Colleague: 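This is the structure I want to talk about, given as structure tokens.
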Amino acid sequence: MRRVKRRYHFLFCSYIYMSLPCPQLSHYHQTNMAHVPSSSSLPATNLPLMSAHAKVPEAYLWPEKERPAYEAGEPLNEPVIDLSGFLAGDEASTRLAADMVDSACQKHGFFQVRNHGVGDDLISGAVMEAEAFFGLPLHKKEKVQGYSYAHSHRFTSKLPWKETFSFPFHASNPALALNHLQSIIGGHESAKTGLVYKEYCEAMTDLAMKILELLAISLGLERTTFRRFYQDSCSLMRCNYYPPCEEPDLTLGTGPHCDPTSLTILHQDHVGGLEVFAAEKWRRVAPRPGALALTNGKYRSCLHRAVVNRDSERKSLAFFLNPNKDNIVRAPKELVLRDGRRVYPDFTWAAFLGFTQQNYRADMNTLDEFCSWLLNQGQQLKRSVVNLNYRTVYRTN
């Protein structure tokens with residue numbers, strides 16, 4: 001039998017640094033604070049199981065205005081950028097790639113890349129490990145730290161039709177990921193799983209650093225501007241599994257959102273399901289070698305979602321590149337001087353991460369809502385300091 005060579009693809013989503021927030025949908029202006037994590041969220045064993053129902057259970061139903069169309073949407077027709085010349089150091093190819101990045105990001109914030117340098121065997125190995133994990137019985141998966149059934153540990157409504165398994169990766173100490181996976185999974189296969197994902201995360205980090213160089217060039221910045229900021233990155237690896245669904249037009253695998261991370265590298269399988277909001281429509285992204293979406297002073301953040309399939313299961317691997325939690329996020333001064341103003345305040349990555357995990361369910365307004373929350377927190381702190389000083393002065397007098 002002739003072996004069919006697979007072509008692997010990635011989605012890249014960058015979300016910080018400056019200016020334009022995620023593009024808006026006219027009917028999505030309501031706040032998402034009603035969907036913050038709840039202490040009453042239920043474990044998977046108390047939820048209607050996705051695979052056991054011909055009809056979508058109520059907890060998984062999405063509002064009618066947010067549901068996907070039954071028929072597949074129009075294709076996005078995003079550019080596919082060849083990275084081989086850029087990775088080889090060819091100046092002409094680098095300039096061409098940077099110009100294509102600039103054009104795509106100003107238009108809709110999404111493009112795909114090929115010849116990215118990540119080995120097919122490594123990617124297929126990571127996919128196989130994810131398949132083996134999600135194939136375990138539910139009661140075993142629930143015992144593993146980082147596993148989530150429809151995010152039911154955080155939310156009670158509009159649950160996504162998916163299972164996830166997530167774990168941290170620290171660029172300064174890759175062995176931590178290996179040790180972490182061995183400790184939480186256990187069994188004789190855990191060493192192999194840990195080694196595969198350690199190598200996969202190292203490859204994703206290396207690719208992310210190269211992509212960040214290309215982004216800096218496209219913005220007219222010194223090419224190592226972003227790379228230096230992420231040299232001690234604290235990232236997150238996530239495996240996603242979307243079961244088949246008898247009524248795929250009533251639910252979503254992942255709701256509309258702009259990733260609350262710096263850069264997301266996504267591998268999706270041949271089934272597809274990723275959709276991007278562009279030109280006032282949801283447009284499907286066909287599985288191809290690579291994809292990139294980002295936001296900055298002049299770039300759009302990629303508003304996207306994942307739909308589910310009636311007949312086929314879908315799998316994806318997402319690597320979320322993030323800075324060290326103590327790093328202060330601010331726009332590069334060159335962009336501020338060029339644009340003449342700052343749009344977002346400085347903040348630590350820990351503050352932003354805490355907001356998305358404890359105060360807000362990520363959607364298309366996350367960054368704006370976070371900035372409003374941050375400024376409100378600052379004002380409350382200032383009032384507290386004033387009151388404290390007043391009481392201190394009053395008592396001493």
Side-chain angles (χ1 to χ4, degrees), residues 6 8 10 37 41-47 49-52 118-155 159-208 233-244 253-254 259 261 264-269 271 306 313-322 325 353 357:
R6 295 184 180 182
Y8 292 102
F10 298 98
S41 297
L42 300 174
T45 49
N46 293 328
L47 275 174
L49 299 182
M50 289 179 276
S51 60
V118 181
D120 291 354
D121 290 343
L122 179 58
I123 300 171
S124 61
V127 171
M128 290 175 62
E129 292 298 328
E131 290 176 343
F133 175 79
F134 288 120
L136 294 173
L138 179 58
H139 71 274
K140 289 188 176 181
K141 290 183 287 190
E142 282 193 300
K143 296 178 181 179
V144 177
Q145 179 185 351
Y147 171 74
S148 172
Y149 191 92
H151 291 341
S152 58
H153 64 295
R154 298 185 62 201
F155 311 117
L159 297 181
W161 194 268
K162 67 176 179 180
E163 301 176 44
T164 63
F165 172 50
S166 310
F167 56 89
F169 179 78
H170 300 270
S172 60
N173 192 351
L176 282 178
L178 176 61
N179 297 335
H180 177 72
L181 286 172
Q182 290 178 349
S183 66
I184 64 175
I185 295 178
H188 66 282
E189 290 293 328
S190 63
K192 176 190 173 187
T193 301
L195 183 60
V196 168
Y197 281 118
K198 171 182 172 293
E199 293 179 356
Y200 185 84
C201 290
E202 287 176 322
M204 293 297 101
T205 301
D206 183 60
L207 177 59
S233 59
C234 297
S235 302
L236 184 74
M237 178 70 202
R238 175 170 293 166
C239 306
N240 299 303
Y241 171 70
Y242 303 87
T254 303
D259 283 350
T261 55
T264 304
I265 306 178
L266 175 75
H267 161 71
Q268 63 168 343
D269 65 13
V271 176
E313 62 183 16
R314 175 177 179 255
K315 298 171 291 294
S316 66
L317 304 175
F319 180 81
F320 300 98
L321 178 77
N322 295 317
K325 292 182 179 180
L353 185 63
Q357 297 301 306

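Not measured: the values here are computed from a predicted model.
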Colleague: Just by modelled atom types, is the Ala150 backbone N or O under 3.5 Å from a matching donor or acceptor in the Trp161 side chain?
Modeller: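 No; judged by distance alone, with no hydrogens or angles, the pair does not exist.
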
Colleague: Which side-chain hydrogen bond (donor to acceptor under 3.5 Å, both in side chains) pairs, counting each pair once, include a residue from residues 164-179, with sequence neighbours left out?
Modeller: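 Only Ser166-Arg238 qualify under side-chain hydrogen bond (donor to acceptor under 3.5 Å, both in side chains).
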
Colleague: Mind checking side-chain contact (heavy atoms from CB on, under 4.5 Å) for Lys198 and listing every partner two or more places apart, or none if nothing turns up?
Modeller: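 For Lys198 the side-chain contact (heavy atoms from CB on, under 4.5 Å) partners, ignoring immediate neighbours, are Pro174, Leu178, Glu202.
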
Colleague: Measure up the Phe167 and Phe165 rings against each other and bin them: parallel (under 30°), tilted (30 to 60°), perpendicular (over 60°).
Modeller: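 Rings of Phe167 and Phe165: tilted, 30 to 60°.
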
Colleague: Which is it for His180 and Ser183 under the side chain to side chain donor-acceptor pair (under 3.5 Å) test, yes or no, and what are the steps along the way?
Modeller: CA-CA 5 Å; His180 177 72; Ser183 66; 4.5 Å; no

Colleague: Under the criterion side chain to side chain contact (heavy atoms under 4.5 Å, CB included), I'd like the reasoning laid out for Phe319 against Leu207: C-alpha separation, chi angles, the key distance, then a yes or no.
Modeller: CA-CA 11 Å; Phe319 180 81; Leu207 177 59; over 6 Å; no

Colleague: For Asn322 and Ser235, indicate whether the former's side chain and the latter's backbone hold a donor-acceptor pair under 3.5 Å.
Modeller: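 A pair under 3.5 Å: no.
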
Colleague: Could you give me the CA-CA distance, side-chain angles and deciding distance for Asn240 and Ser316, then say whether side chain to side chain donor-acceptor pair (under 3.5 Å) is met?
Modeller: CA-CA 5 Å; Asn240 299 303; Ser316 66; 3.0 Å; yes

Colleague: I'd like to know if the side chain of Tyr197 and the backbone of Ala126 have a donor-acceptor N/O pair within less than 3.5 Å.
Modeller: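 Looks like yes, one N/O pair under 3.5 Å.
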
Colleague: Output all residues satisfying side-chain contact (heavy atoms from CB on, under 4.5 Å) with Ala177, sequence neighbours left out; order by chain, then residue number.
Modeller: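 Partners of Ala177 under the side-chain contact (heavy atoms from CB on, under 4.5 Å) test: Phe169.
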
Colleague: Which class fits the ring pair Phe134 and Tyr241: parallel under 30°, tilted 30 to 60°, perpendicular over 60°?
Modeller: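 Ring orientation of Phe134 relative to Tyr241: parallel.
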
Colleague: Taking 4.0 angstrom as the limit, do Lys140 and Glu142 come out as a salt bridge?
Modeller: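 Between Glu142 and Lys140 there is no salt bridge, as every charged N stays at least 4.0 Å from the carboxylate O atoms.
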
